[in-house]
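Proteins come first, then strands; the chains are lettered A, B, ... in the order of their sequence lines, and each starts at number 1. Hydrogens, waters and symmetry mates are skipped; everything else that's a heavy atom, side chains included, is used.
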2 protein chains.
Amino acid sequence: MSRVLLHRPSIHDVAKEAGLSAATVSKVMRGIGNVRAENASRVNAVVESMGYRVDPVAADLRRGTRRIIGVVVPELESSFFGSLITSIESQTERLGYTLVMSSSRESETREKELIQRLQDLRVAGTILAPVRSETGSGAQLLKSQQMSAVLIDRVADDRQLDTVSVDNRMASIKVAQLLAASGHRHILILGLDKKSTSTRLRCEGFVNEFRQLQPSCRIDEVFTRTGLNGLRENLSHYFSDNRPTAIFSLFLNGTLLALSELRRIDLHCPDDISLIGFDDSEWMQAMHPAVTSVVQPVNEIAQQAVSLLMRRIHSGQADTVAHEATCHIEIRESVRALNQTAR
Amino acid sequence: MSRVLLHRPSIHDVAKEAGLSAATVSKVMRGIGNVRAENASRVNAVVESMGYRVDPVAADLRRGTRRIIGVVVPELESSFFGSLITSIESQTERLGYTLVMSSSRESETREKELIQRLQDLRVAGTILAPVRSETGSGAQLLKSQQMSAVLIDRVADDRQLDTVSVDNRMASIKVAQLLAASGHRHILILGLDKKSTSTRLRCEGFVNEFRQLQPSCRIDEVFTRTGLNGLRENLSHYFSDNRPTAIFSLFLNGTLLALSELRRIDLHCPDDISLIGFDDSEWMQAMHPAVTSVVQPVNEIAQQAVSLLMRRIHSGQADTVAHEATCHIEIRESVRALNQTAR
DNA sequence: TTGAAAGCGCTAACAG
DNA sequence: CTGTTAGCGCTTTCAA
């Protein structure tokens, strides 16, 4: 005897059709409370036939909670943040949260607006990967609004917010050890602007360790403030007078650029020069030579971020933790020992 | 005289504090209706001092609308979908919508679940970039639930849903024209599996046009069903007996792979062989040689998708449109004319 | 085991 | 111009 509904059925429509109350239907939907088996199955039948589905927004409103988590990243064009978000998504949806993610496009102003919007949405929690400029004004807002939040990736020490980052220094130390053990003495470090904390840590970690392992070493640095093309020019110029035996790139496109420049000046990798760089990419294993890289543990970062966020959401006050995930080096063909002697 | 509130202030808290009604505050917040200037500024003052912000979720509930748009893409790891989403985001947020995006991770099952979840959320509209398998079951769900939706990217003809795709055939025709005009006769086409519609169109478009322009041509094809590494093997094997004068890659990583393989067998690009490929990437212009590529108009796709979706949301019934955006070729150094004669 | 009533935070209709 | 009333769709007492 069901009338045709113009709009989607509400819990009351179901209740009416089943000859029960909305409260009972609600209990059945959530699988809790004591409902007579007979009534429960009647409700289920009606739900089925009407195609009823609980409106999570209305449910949240009533409950006074929002099963939403906000994520703000500086960009979505790179595979790093792409896979990070993908991983965060699978963590959070398992917990029943909906993700609202957006890109600040490296704009600090936009970052703040986005956080404000998340705050307006009354999200349960926020995961923020700050913009490069790192003045931390987004984080500031998170704190002043007392939002449950965790900072990831480009993270300055923070005493009020949980943070998850990668142990950049240790990763670079491992690179230094690898190259030193392979007999390299003359290294080129390739990077973009030197301002960001992670770049600085990667640089420092390498230089300190390498100098210690190979006191008679030479470490050159090629940086730029004018993007990839600027870096290419500097690199080109550098290679006109210099022949390091290994290149350590601090970011993905630097590795690609190095590959291209080596080609141009006809230096063979790894025969003439070794190459290792931060960030792994799908094509690296299919390349010739397959490229050795420092891989950031994206899943661990995501998993830690989500679990810290959950802790923060549920336990409110708690001591802040700063998790540092460990990178590992994916050894492939592009790094080779200098002197094939011995053994 | 304001008490300290434990929770965030509601519109009633503001009303009470301002000595007015919630309805009046609501009018002020939305900047509509007639409110005495004096009262309006009092409301604004209180709003300011209490830090009040409208709860868009509650507002939507009451209004019976959801200012949410759902987006489902097959993956977020590639820069294509990353920038597509970034572009969609800036379009939709200008219109006051919040984006809920997620990755189906190339899983058809997951795609359906995600759409179902968007339906549960009562989203105003959905933008779907279907998974590669293209059986269209996600699209089917969209239709059967009568959701406002538009399909993008990998799109089969659809009579019930608006679609936005790229004119793959025409793009490949342009590539054929470029290579033919440059005197090439022996071409290698590089691709992943040949099942997907866009791959097929790209292939067909090129082959037909090229054969017509250069009747005495030879077109080889190297594909694979075993990922990038499989493609590399096939490519390697191919080059042991063949020397085309140009390579046309149907996807981004293919271009990279070709570059690497050319390096391995010491063929110089573009002196010995020309290279052009689908999808543009930041590094291409910084490479040596800078890589000529077919660039998909991401912004146009996003803009069309959003405007078609809005039309669908607001005008409900309307004839379905299938928009095809035009690719352009970014000419750089990797393609060169064969015979530098004449002129 | 069930349902009536209240109300999450907001907006819309309408009477004053 | 303003306030009262009545919900949006749901969950949660709490009395029956």
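Both A:A37 and B:V57 sit near DNA chain C, but only A:A37 has its closest nucleotide nearer the 5' end.
Of the candidates D:dC1, C:dG3, D:dG3, D:dC1 carries the atom nearest the B:N34 side chain, counting heavy atoms from C-beta on. Relative to the side chain of B:T24, the nucleotides D:dG3, D:dC1, D:dG9 differ in distance, and D:dG3 lies closest.
A side-chain N or O of A:D120 and one of A:Q116 form a donor-acceptor pair less than 3.5 Å apart. Side-chain polar atoms of B:S307 and B:R311 form no donor-acceptor pair below 3.5 angstrom. At a cut-off of 3.5 Å, with distance as the only test, no side-chain donor of B:R94 or B:S90 sits close to an acceptor on the other residue. Side chains of B:S83 and B:T86: a donor-acceptor N/O pair is absent below 3.5 angstrom, by distance only. In summary, the side chains of A:S107 and A:S104 do not present any donor paired with an acceptor at a separation below 3.5 Å, with no hydrogens or angles considered. Checked by atom type, the side-chain pair A:D158/A:T163 shows no donor-acceptor distance below 3.5 Å.
Listed pair B:S21 / D:dT4 fails the phosphate criterion, with no side-chain N or O lying under 4.0 Å from OP1 or OP2.
Interface residues of residues 41-49 of chain A facing DNA chain D, ordered by number: none; criterion, heavy-atom separation under 4.0 Å.
Taking the side chain to side chain contact (heavy atoms under 4.5 Å, CB included) definition, one finds that B:R154 meets it with B:P74, B:F81, B:E106, B:R132, B:E134, sequence neighbours left out.
Distance, A:R67 CZ to D:dT11 P: 12 Å, rounded to whole Å. In this entry the distance linking CG of B:D13 with C1' of C:dC8 reads 13 Å, nearest Å. Following rounding to the nearest Å, A:L61 (CG) and D:dG7 (P) show an atom-to-atom distance of 17 Å.
For the pair A:R66 and A:D60, the salt-bridge criterion is not met [side-chain N within less than 4.0 Å of a carboxylate O].
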Determine, for nucleotides 10-16 of chain C in 5'-to-3' order, which nucleotides have protein heavy atoms under 4.0 Å from the base (write B), from only the sugar-phosphate (write S), or from neither (write -).
BBB----
